[in-house]
There are 2 protein chains.
Amino acid sequence: MSRSGLQKELKKKSAFESLEQEVTLAILRTNDQLQIRFARLFREFGLTTSQYNVLRILRGEGKPLPILEIAERTVTVVPGITGLIDRLEQAGHVKRERCLEDRRVIYVALTDQGKRTLASLDKPVVALHAKVLARLAPSELKELVRLLEKARAAMSEESAD
Amino acid sequence: MSRSGLQKELKKKSAFESLEQEVTLAILRTNDQLQIRFARLFREFGLTTSQYNVLRILRGEGKPLPILEIAERTVTVVPGITGLIDRLEQAGHVKRERCLEDRRVIYVALTDQGKRTLASLDKPVVALHAKVLARLAPSELKELVRLLEKARAAMSEESAD
DNA sequence: TCGAATTAGATGACGCGTAAACTAAACTCG
DNA sequence: CGAGTTTAGTTTACGCGTCATCTAATTCGA
């Protein structure tokens, strides 16, 4: 690295253009760090974050759900859910069941293997949640939630203007 | 990113397993909402968020940067940057310049078109930053930054254990 | 009843993040 | 000098989000 020595100090931008931008970047970076850590955990169990979320939704519901129901509850948009379910099915975590009354509908059900994988992740997930935020006091966590939800509430109003 | 992420929240179970999990989810959802809005803006100008970030880095530096320098400053991991630069080059926003002293190095430089596109985005970007967080008082914004940075600081310590 | 609209879901194309393997140029050190 | 190593960057492969388009089943309206 012949020349990168002096470039390094320039790397840190000291001045933000606005406080709002600073917040946006802080949220973005914090989210990235969280995602990385959870994705790493899920990968140890052969799952991606999206796949884990789908399994969680199915377990939470306690019964099979139509594919579009699942898509609705994730950030995933409709076309993406198909392949996601494909891979979960291929891995044996879920199975598709065609609805008899309305043959357009396809139910997705957790398999026993899916339930086992999910169960084995429960403790590590809770532990990771606690670990990544261990330095914040409960009062700070509550304040964080409050501020973030206030921000989001403002955004959803704004989108209807 | 989905267009309908926020209506779904009503459907969410009200009971969280832990306060930490609630924070994680709040960060996640807020980030999603921010991403959606900015991505939408960038797309109007023919850019993705990643592409915009690269252009911003180049402008911020004020001079051409080696590809790996750019990758280092984004969340993008090395192999992903190649295609990203490819597309930016194809769209005429940047150009590649091989370094003469070290022929392994390829500099990426903003073109005039890239500068123009970036300039035309400046006002809308600032406006959107202000808009999405308009409901939060400056003291709240500062507190949000403080809490998020505290969380991230804890995470980066934890990762070295 | 027949044709139009609607709905569930799949498909294909593209952008991007991630990991692994690879090429080419430069460096190191005996 | 020459073999091994490091470094810059690309390629390939896969998962996923997004969009546009498609098919098949259902429903609705004249």
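Excluded from the calculations below are hydrogen atoms, water molecules and symmetry mates; all remaining heavy atoms, backbone and side chain alike, are included. For clarity, every value in this text was computed on a predicted model and none was experimentally measured. Lettering follows sequence order; numbering is per chain, from 1.
- One interatomic measurement links the two molecules: CD of A/E69 to P of C/dT7, which rounds to 14 Å at whole-angstrom precision.
- Contact annotation: A/R104 side-chain N/O to D/dT23 OP1/OP2 distance is not under 4.0 Å.
- Residue contacts for A/Q35: at a heavy-atom cut-off of 4.0 Å it reaches no nucleic acid atom on any strand shown.
- Among A/T117, A/I57, A/L118, the one residue that satisfies the side-chain contact (heavy atoms from CB on, under 4.5 Å) test with A/Y52 is A/L118.
- A/R96 has a carboxylate O that lies under 4.0 Å from a charged side-chain N of A/D86, or vice versa, which qualifies the two as a salt bridge.
- Considering A/V132, A/L133, A/L34 in turn, A/L133 is the only one that fulfils the side-chain contact (heavy atoms from CB on, under 4.5 Å) rule with B/V23.
- Each of B/I67 and A/T49 lies near DNA chain D, and the nucleotide nearest B/I67 is the one positioned closer to the 5' end.
- Spacing between atom CG of B/D86 and atom C1' of C/dC16 amounts to 13 Å, rounded to whole angstrom units.
- When each of D/dT10, C/dA10, C/dG9 is scored by its nearest atom to the side-chain atoms of A/V105, the top-ranked nucleotide is C/dG9.
- The interatomic distance linking A/I106 (CD1) with D/dT26 (C1') rounds to 15 Å, in whole Å.
- The nucleotide whose nearest atom lies closest to any side-chain atom of A/D102 is, among C/dA10, D/dT26, D/dT10, D/dT26.
- C/dC14 atom C1' lies 15 Å from atom CG of B/L47, rounded to whole Å.
- Contact check on A/R40 versus A/E44 returns no salt bridge, with no Lys/Arg side-chain nitrogen under 4.0 Å from an Asp/Glu carboxylate oxygen.
- The separation between A/F42 atom CZ and D/dC14 atom P is 23 Å, rounded to whole Å.
- For B/R103, counting side-chain heavy atoms from C-beta on, the closest listed nucleotide (C/dG15, D/dT11, C/dA25) is C/dA25.
- Whole-Å rounding puts the B/R87 CZ to D/dT10 P distance at 12 Å.
- A donor and an acceptor atom, one from each side chain of B/Q33 and B/R37, are located under 3.5 Å apart.
- Whole-Å rounding puts the B/L68 CG to C/dA24 P distance at 18 Å.
- Residue contacts for B/R96: at a heavy-atom cut-off of 4.0 Å it reaches the sugar-phosphate backbone alone, with no base atom in range.
- A salt bridge between B/E143 and A/R146 is absent, with no side-chain N of the basic residue lying under 4.0 Å from a carboxylate O of the acidic one.
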Check the interface with nucleotides 17-21 of chain C: list each N/O to N/O pair with the protein under 3.5 Å, or write none.
unit_1, atom_1, unit_2, atom_2, d
C/dG17, OP1, B/S50, OG, 2.8
C/dG17, OP2, B/T76, OG1, 3.4
C/dT18, OP2, B/V75, O, 3.3

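- Ring planes of A/F38 and A/H129: tilted class, angle from 30 to 60°.
- In this entry the distance linking CG of A/N53 with P of D/dG15 reads 17 Å, nearest Å.
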